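This report refers to the structure that appears directly beneath it.
All figures in this text were calculated on a predicted structure; none of them were measured in a lab. Note that the numbering runs from 1 along the sequence shown for the chain.
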Amino acid sequence: MPKVTQKRTRGRRVLIVLAMAMMICMLLTSCYTDGNGETTNIFIAVLVRPFAFILRWIYDWTQSFGWSLILFTLFTRLILLPLNIKSKQGMAEMQALQPKLKELEKKYKNDQQRYQEEAAKLYKKEGVSPMSGCLPTLLTLPVMFALYWPISQPMKYLMKLTASQISQVREQLVLIGAKVDGVLIAANSSEMTLVQALSNHFADVSFISENIFPMNLQFLGMDLGAVPSFTKFNLIFLLPIISAVTSFLLTQFTTWLQEKTTGTKSTQQNNAMMKWMMPIISIWIGFTLPAGLTLYWIACNVIGILQELFITYYLKMKKEKASSK
């Protein structure tokens, strides 16, 4: 590939990556002092707290942390559906152009500059942007990051307790010798562990704040506040496995639908990596973080499969309608 073309292509990618990186850095580092006198950042204020509000509203309605996560996943998927449709359409258009691009590559194999020029003309003629399938997908990532805080710190974001009040709850539970799964509450116990202890010791800590309430973390016989262990086989041990399997199925199903729709084999070099990388990440997350996050991941995968079916059918009907006109 000629140096001029390489610079243009790399320049666009660098600009997009830099813009996304700058946006994320601004969100994560722009801090201010909230009404409780605590320092926070814009990312927390703009995404995390609104998501926590929605999650708490769903919990108040269902009285089940598990169903709250599933319904929240469905809600966010519906909100992001237009972006996902756009992303899917962009990827499908790029995939449909692969045979023509291969012909150009074969025709101009000794003249890469001419190949790039003809490829650019083809993109323009077909009305396809090489980056159209990427940006909408990137915009869905902050949603996944933002949900981590309400799940891992429910006392702060769902009960709206201050850092001082959370410390008082922890000290009181340590003082009375509260236990979770036979283990004493300690000075470094996580908020999720404290919430687990609240169900049996609510009367001992309720005086600290009127916002404290006993959360129902049980879902289908599983404690969503617990962290699965390799050495302890129980129901939540299966969650990371199910998460990995559903992640694998989502990748395979998406690829199969794309190939069936376009009639061409996928040529993306990162397909093999994504095929195995996401299941591995799912298992790692499943055995290191509370089971609630793993349930959310499973819900994302299952709803993602249904979403792929819907988007594929929607784009097919849209294409047939356009062709008939």
Side-chain angles (χ1 to χ4, degrees), residues 27-28 32 34-36 38 40-84 139-166 169 190-203 205-226 236 239 243 285 289-304 306-307 310:
L27 289 174
L28 294 178
Y32 70 97
D34 60 16
N36 295 323
E38 299 180 1
T40 187
N41 56 64
I42 296 177
F43 180 76
I44 297 294
V46 173
L47 285 180
V48 176
R49 286 179 176 168
F51 285 175
F53 175 83
I54 296 171
L55 189 61
R56 170 63 189 274
W57 181 81
I58 297 175
Y59 177 84
D60 288 339
W61 177 53
T62 62
Q63 292 298 306
S64 168
F65 193 53
W67 282 114
S68 298
L69 291 173
I70 293 173
L71 292 176
F72 180 87
T73 306
L74 181 61
F75 171 78
T76 54
R77 286 284 185 172
L78 289 174
I79 294 296
L80 295 172
L81 184 59
L83 291 176
N84 288 318
L139 294 177
T140 63
L141 296 178
V143 178
M144 297 180 64
F145 295 143
L147 192 59
Y148 169 78
W149 277 271
I151 294 178
S152 61
Q153 301 179 44
M155 301 188 77
K156 180 176 181 179
Y157 293 106
L158 298 183
M159 298 184 189
K160 297 182 179 180
L161 301 182
T162 65
S164 175
Q165 290 172 331
I166 295 172
V169 171
S190 66
E191 286 190 31
M192 187 58 80
T193 303
L194 299 181
V195 170
Q196 287 178 276
L198 282 180
S199 58
N200 296 324
H201 303 281
F202 175 69
V205 297
S206 59
F207 69 91
I208 296 175
S209 172
E210 61 181 9
N211 292 333
I212 298 176
F213 65 93
M215 288 185 63
N216 178 20
L217 299 178
Q218 296 296 318
F219 182 71
L220 301 179
M222 297 176 290
D223 187 350
L224 298 181
I236 64 170
L239 284 181
S243 177
I285 289 177
L289 297 174
L293 281 168
T294 308
L295 178 64
Y296 166 73
W297 194 285
I298 293 172
C300 282
N301 293 335
V302 174
I303 295 174
L306 298 176
Q307 178 180 269
F310 170 78

Open item on the list: Out of the candidates Phe219, Trp67, Phe213, only one should pair with Tyr59 under the ring pair (Phe, Tyr, Trp, His ring centres under 6.0 Å) rule; please name it.
Closed with: Phe213
Holding to side chain to side chain donor-acceptor pair (under 3.5 Å), I want the full list of residues that pass it with [X], two or more places apart in sequence or in another chain.
{"X": "Asp60", "answer": "Arg56"}
{"X": "Ser190", "answer": "Thr193"}
{"X": "Thr62", "answer": "Ser68"}

Mind listing the closest non-hydrogen atom pair of [X] and [Y] along with its distance?
{"X": "Thr294", "Y": "Ile285", "result": "OG1-O, 4.4 Å"}
{"X": "Ala291", "Y": "Leu239", "result": "CB-CD1, 3.7 Å"}
{"X": "Ile236", "Y": "Ala226", "result": "CD1-CB, 3.6 Å"}
{"X": "Leu55", "Y": "Pro150", "result": "CD2-CB, 4.1 Å"}

What's the separation between atom [atom1] in [X] and atom [atom2] in [Y], rounded to the nearest 0.5 Å?
{"X": "Phe75", "Y": "Leu80", "atom1": "CZ", "atom2": "CG", "answer": "9.5 Å"}
{"X": "Leu69", "Y": "Ile151", "atom1": "CG", "atom2": "CD1", "answer": "4.5 Å"}
{"X": "Asn211", "Y": "Lys160", "atom1": "CG", "atom2": "NZ", "answer": "8.0 Å"}
{"X": "Ile54", "Y": "Ile79", "atom1": "CD1", "atom2": "CD1", "answer": "7.5 Å"}
{"X": "Thr162", "Y": "Lys156", "atom1": "OG1", "atom2": "NZ", "answer": "10.0 Å"}
{"X": "Ile208", "Y": "Ser164", "atom1": "CD1", "atom2": "OG", "answer": "9.0 Å"}

Open item on the list: Set out, in order, the CA-CA distance, both residues' side-chain angles and the distance that settles side chain to side chain contact (heavy atoms under 4.5 Å, CB included) for Val169 and Met159, then state yes or no.
Closed with: CA-CA 12 Å; Val169 171; Met159 298 184 189; over 6 Å; no
Open item on the list: Test of understanding: with ring pair (Phe, Tyr, Trp, His ring centres under 6.0 Å), list the residues that count as partners of Phe202, not counting sequence neighbours.
Closed with: none
Open item on the list: Does any part of the side chain of Leu289, heavy atoms only, come nearer than 4.5 Å to the side chain of Trp297, both counted from C-beta?
Closed with: no
Task: Gln63 side chain near Asn216 side chain, heavy-atom distance below 4.5 Å - done: no
Going by side chain to side chain contact (heavy atoms under 4.5 Å, CB included), name the residues that satisfy it together with [X], two or more places apart in sequence or in a different chain.
{"X": "Leu217", "result": "Phe65, Met192, Val195, Gln196, Met215, Asp223"}
{"X": "Leu81", "result": "Ile85, Gln307, Phe310, Ile311"}
{"X": "Thr76", "result": "Phe72, Val143"}

Task: Qualifying residue, where the test is side-chain contact (heavy atoms from CB on, under 4.5 Å) with Thr73 and the options are Ile303, Asn301, Val302 - done: Ile303
Task: salt bridge (charged side-chain N to carboxylate O under 4.0 Å, His left out) contacts in which one or both residues fall within residues 68-81, not counting sequence neighbours - done: none
TODO: Say whether, by atom type as modelled, one donor and one acceptor occur between the side chain of Gln165 and the main chain of Ser209 under 3.5 angstrom.
DONE: no
